[in-house]
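FYI, side chains are in, hydrogens and waters are out, and symmetry mates aren't considered; it's all heavy atoms of this structure.
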Amino acid sequence: MLENLADWKRTHVCAALRREHDGQEVLIMGWVHRRRDHGGLAFIDLRDRSGICQVVVDSEDPALLEKVKDVRSEYVLALRGHVRLRPAGMRNPDLPTGDVEVLVGELRVLNASLTPPFPIESAVQDEASEDLRFRYRFLDLRRPEMQRRMAFRHRVVLAARRFLDSEGFLEIETPLLIRSTPEGARDYVVPSRLHPGRFYALPQSPQLYKQLLMVAGYDKYFQMARCLRDEDLRGDRQPEHTQIDMEMSFATEDMIFDVVERMLAAVFDAVMERPLALPFQRLDYTEAMARFGTDKPDLRFDLELMDLGAIAGASEFRAFRSVLEAGGSVKGLRVPGGAAFSRKEIEVLEDLAKHFGAKGLAWLKRDESGLAGGVAKFFGGVADVLQAATGLAAGDLLLMVGDAGLTAATALGAVRTRLGETLALTDPGDFRFLWVHRFPLFERDEDTGGWRAMHHLFSMPMEEDLELLETDPGRVRGQLYDLVCNGVELASGSIRIHRRDIQERVMAVVGIDREEAQRRFGFLLGAFDYGAPPHGGIAPGLDRILMVLDGGSSIRDYIAFPKTLRGTSLMVDAPAPIDEAQLRELHLRIVEEG
């Protein structure tokens, strides 16, 4: 008899027991997954992180049976007993431990449990809202599916770390309390008690610090970096997330692509247990937008956008001709078999196109006699040319958008993405990686009418475009690149500016003069004066990689303690007010709106 809890030392985890342990005395601990009573027998499925094993309490020990009667789901138990083979007809081939069970000789309740607000089972999402799961996240994380995801995360991180170490990268931590810098989203700010009226910011990324590490001569850096951004949330975005942050000195775009591709191949080999085809496909930003209407296309299906400007200009469709005369474009998308779409299904696609800025979505079908429906009557004179150019066959649907700038491509690209989902054109086990590169360095700021950096201010322009910085910033391409897989952006990076003069010219384009540049970024510009090497890097988003590789739909399922879509932590009730004394100490005052 084991009297003291200190004597109850676990000999095996639950899922470790096999036929070869038959007859051995074991001491196992875990949670009650299920309990079943059969007269003089009680069966318990005991669960720990490793898995489940079956334990049996029989009628030969009435006191033990009486103790088991009080046991409920999620009680924490310690059990001592002997392993025995299950009867041949009662073995469970679906469990690794399905050939054996533990005949209990001694049982101790280590802790009781209230009835959980939802069952601790993998299908809990069908029975509990996300808010309820997040409020009781410590219970949600007990579920076998969530524990599998956390273990999956660990294995991916471990494989990436091992690879980067083998490539000569050093893992170096950078500060979490930094100066606020423009990164594209709002900063989270932290008041300073010792410096009234001054604030730290939490890093949106370690961008400037990793560049300074290159100036410091560390050559190859990485870290599993925590990044914090105060931005609107969605399924693949959280206020705090993790990046596999990387930077290399004397690096070219090709070198960075090669390292990332081989790192992901190492992850596939170690974790997915399958090879990954290298190298990845590459597309210029302009080509990606022209063919797919997005800079993160899903290549698992073949639907592509077509430029129908010349044909639309020769048609009788006045709306398209007006768009073209104003300098706009007309894009088309052939949907094989789409002639079977109902009017309501087409209206849903039209609403989507409008949501992405289009004024409308024109359509026509081809039946056995020719073009029909929608705007077909306006294309009668160019029907043969249209059919030849688009490959439109009997039973197909042609969708068209005419609009200014990139709107036509973007709107129709969104329709293409939706069709991939609704027509089930994608295989979740098919991974199509793609590099999109040579982005515009600047884009128009709709609020000010000026220019802003498309990614960030520290990306090197293409060398042949340097002369355009002051004369035509909209035509300047950056040495920028994104890694995309199955329609999801997994990483973003660039070759960095390493010269003060170029950095100041880029800042001037977005309205930061030399004086302001020195005030806000003097530490970086000063570092460039001391022999900064050419360098570049990238930051694959760990949470998104996990979601895509595991076939998930939200990065929240791969983060132990995520925030809701409202940016709150329901489990600890954060954000929360702080008391007046703490506000005074931080020299802060709450001002009510209005």
Side-chain angles (χ1 to χ4, degrees), residues 145 148-164 167 222 224 234-238 241-246 253-254 256-285 287-289 291-304 413-414 416-437 481-493 538-559:
E145 178 61 16
R148 183 196 65 78
R149 287 172 179 158
M150 293 301 106
F152 180 68
R153 181 186 182 101
H154 163 75
R155 293 197 304 274
V156 169
V157 169
L158 188 61
R161 271 198 167 104
R162 284 174 171 166
F163 172 82
L164 292 170
E167 291 288 313
F222 87 97
M224 300 299 164
R234 58 191 184 211
D236 62 350
R237 183 182 287 173
Q238 278 279 291
H241 61 278
T242 304
Q243 293 178 343
I244 309 174
D245 202 51
M246 305 161 61
E253 184 178 278
D254 288 343
I256 291 170
F257 287 6
D258 174 67
V259 166
V260 173
E261 289 176 5
R262 289 189 295 110
M263 180 185 73
L264 288 172
V267 168
F268 265 67
D269 182 57
V271 181
M272 308 292 286
E273 298 182 346
R274 56 184 285 187
L276 182 62
L278 304 180
F280 299 159
Q281 185 176 343
R282 302 181 187 186
L283 282 180
D284 283 9
Y285 167 81
E287 184 180 357
M289 293 302 298
R291 292 173 58 188
F292 304 103
T294 176
D295 57 10
K296 43 183 179 292
D298 190 336
L299 301 185
R300 290 175 295 176
F301 57 101
D302 293 331
L303 302 183
E304 291 193 19
R416 174 189 183 271
T417 299
R418 177 67 61 84
L419 288 170
E421 298 167 358
T422 57
L423 298 177
L425 301 178
T426 61
D427 176 359
D430 183 14
F431 300 99
R432 298 293 182 92
F433 288 91
L434 167 72
W435 291 107
V436 179
H437 61 155
Y481 36 83
D482 284 354
L483 177 62
V484 176
C485 182
N486 297 357
V488 178
E489 178 193 317
L490 297 185
S492 186
I538 194 166
L542 174 63
D543 312 299
R544 288 189 183 181
I545 288 173
L546 295 165
M547 177 186 72
V548 170
L549 297 192
D550 199 44
S553 58
S554 170
I555 64 171
R556 297 189 295 276
D557 288 331
Y558 299 89
I559 299 172

Item to check | Axial cation check for Phe268 ring with Arg274, 6.0 Å and 45° limits | outcome: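 Pair Arg274/Phe268 does not count as cation-pi.
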Next on the checklist: I'd like to know whether Trp435 forms a side chain to side chain donor-acceptor pair (under 3.5 Å) with Glu261, so could you lay out the CA-CA distance, the side-chain angles of the two residues, the decisive distance to 0.1 Å, and finally the verdict.
Outcome noted: CA-CA 10 Å; Trp435 291 107; Glu261 289 176 5; 2.8 Å; yes
Item to check | Qualifying side-chain hydrogen bond (donor to acceptor under 3.5 Å, both in side chains) pairs with a residue from residues 416-428, counting only residues at least two apart or across chains | outcome: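 Sorted result for residues 416-428: empty, none.
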With heavy-atom distances below 4.5 Å as the criterion, would you say the side chains of [X] and [Y] are in contact?
{"X": "Val271", "Y": "Glu273", "result": "no"}
{"X": "Val267", "Y": "Leu549", "result": "yes"}
{"X": "Val436", "Y": "Tyr481", "result": "no"}
{"X": "His437", "Y": "Tyr285", "result": "no"}
{"X": "Leu542", "Y": "Arg153", "result": "yes"}
{"X": "Phe280", "Y": "Leu434", "result": "no"}
{"X": "Phe301", "Y": "Leu419", "result": "no"}
{"X": "Phe257", "Y": "Arg262", "result": "no"}

Next on the checklist: Within a 6.0 Å radius of atom CG on Asp302, are there more than 12 heavy atoms belonging to other residues, nucleotides or ligands?
Outcome noted: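 It does not: Asp302 CG has 12 such atoms or fewer within range.
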Look only at the side chain of [X] and the backbone of [Y], and say whether a donor-acceptor pair between them is shorter than 3.5 Å.
{"X": "Asp298", "Y": "Arg300", "result": "yes"}
{"X": "Asp543", "Y": "Thr242", "result": "yes"}
{"X": "Arg155", "Y": "Ala270", "result": "no"}

For [X] and [Y], work out which heavy atoms get closest and say how close.
{"X": "Pro540", "Y": "Ile545", "result": "CB-CD1, 3.8 Å"}
{"X": "Ala160", "Y": "Ile244", "result": "CB-CD1, 4.3 Å"}
{"X": "Val259", "Y": "Phe163", "result": "O-CE2, 3.5 Å"}
{"X": "Leu276", "Y": "Ala265", "result": "CD2-N, 3.8 Å"}
{"X": "Val488", "Y": "Arg544", "result": "CG1-CD, 4.1 Å"}
{"X": "Met289", "Y": "Asp295", "result": "SD-N, 3.6 Å"}

Checklist entry - Are the charged groups of Lys296 and Asp482 less than 4.0 angstrom apart, N to O? => result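 Salt bridge between Lys296 and Asp482, a charged N being under 4.0 Å from a carboxylate O: no.
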Nearest-0.5 Å distance, [atom1] of residue [X] to [atom2] of residue [Y]:
{"X": "Arg149", "Y": "Asp557", "atom1": "CZ", "atom2": "CG", "value": "4.0 Å"}
{"X": "Met547", "Y": "Arg556", "atom1": "CE", "atom2": "CZ", "value": "10.5 Å"}
{"X": "Phe292", "Y": "Leu303", "atom1": "CZ", "atom2": "CG", "value": "9.5 Å"}
{"X": "Met272", "Y": "Phe152", "atom1": "CE", "atom2": "CZ", "value": "5.0 Å"}
{"X": "Phe431", "Y": "Asn486", "atom1": "CZ", "atom2": "CG", "value": "6.5 Å"}
{"X": "Met150", "Y": "Glu145", "atom1": "CE", "atom2": "CD", "value": "10.0 Å"}

Next on the checklist: Evaluate Val484 against Leu490 for side chain to side chain contact (heavy atoms under 4.5 Å, CB included), listing each step before the verdict.
Outcome noted: CA-CA 5 Å; Val484 176; Leu490 297 185; over 6 Å; no
Next on the checklist: Using the rule given for side chain to side chain contact (heavy atoms under 4.5 Å, CB included), can you reason through Asp550 versus Tyr558, listing the C-alpha separation, both sets of side-chain angles and the distance that settles it, and then say yes or no?
Outcome noted: CA-CA 10 Å; Asp550 199 44; Tyr558 299 89; 2.7 Å; yes
Checklist entry - Going through the checks in order, is the side chain to side chain contact (heavy atoms under 4.5 Å, CB included) test met by Met263 and Glu167? => result CA-CA 10 Å; Met263 180 185 73; Glu167 291 288 313; over 6 Å; no
Checklist entry - Is it the case that Ser554 and Arg237 place a side-chain donor and acceptor less than 3.5 Å from each other? => result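 Distance-only check fails for Ser554 and Arg237.
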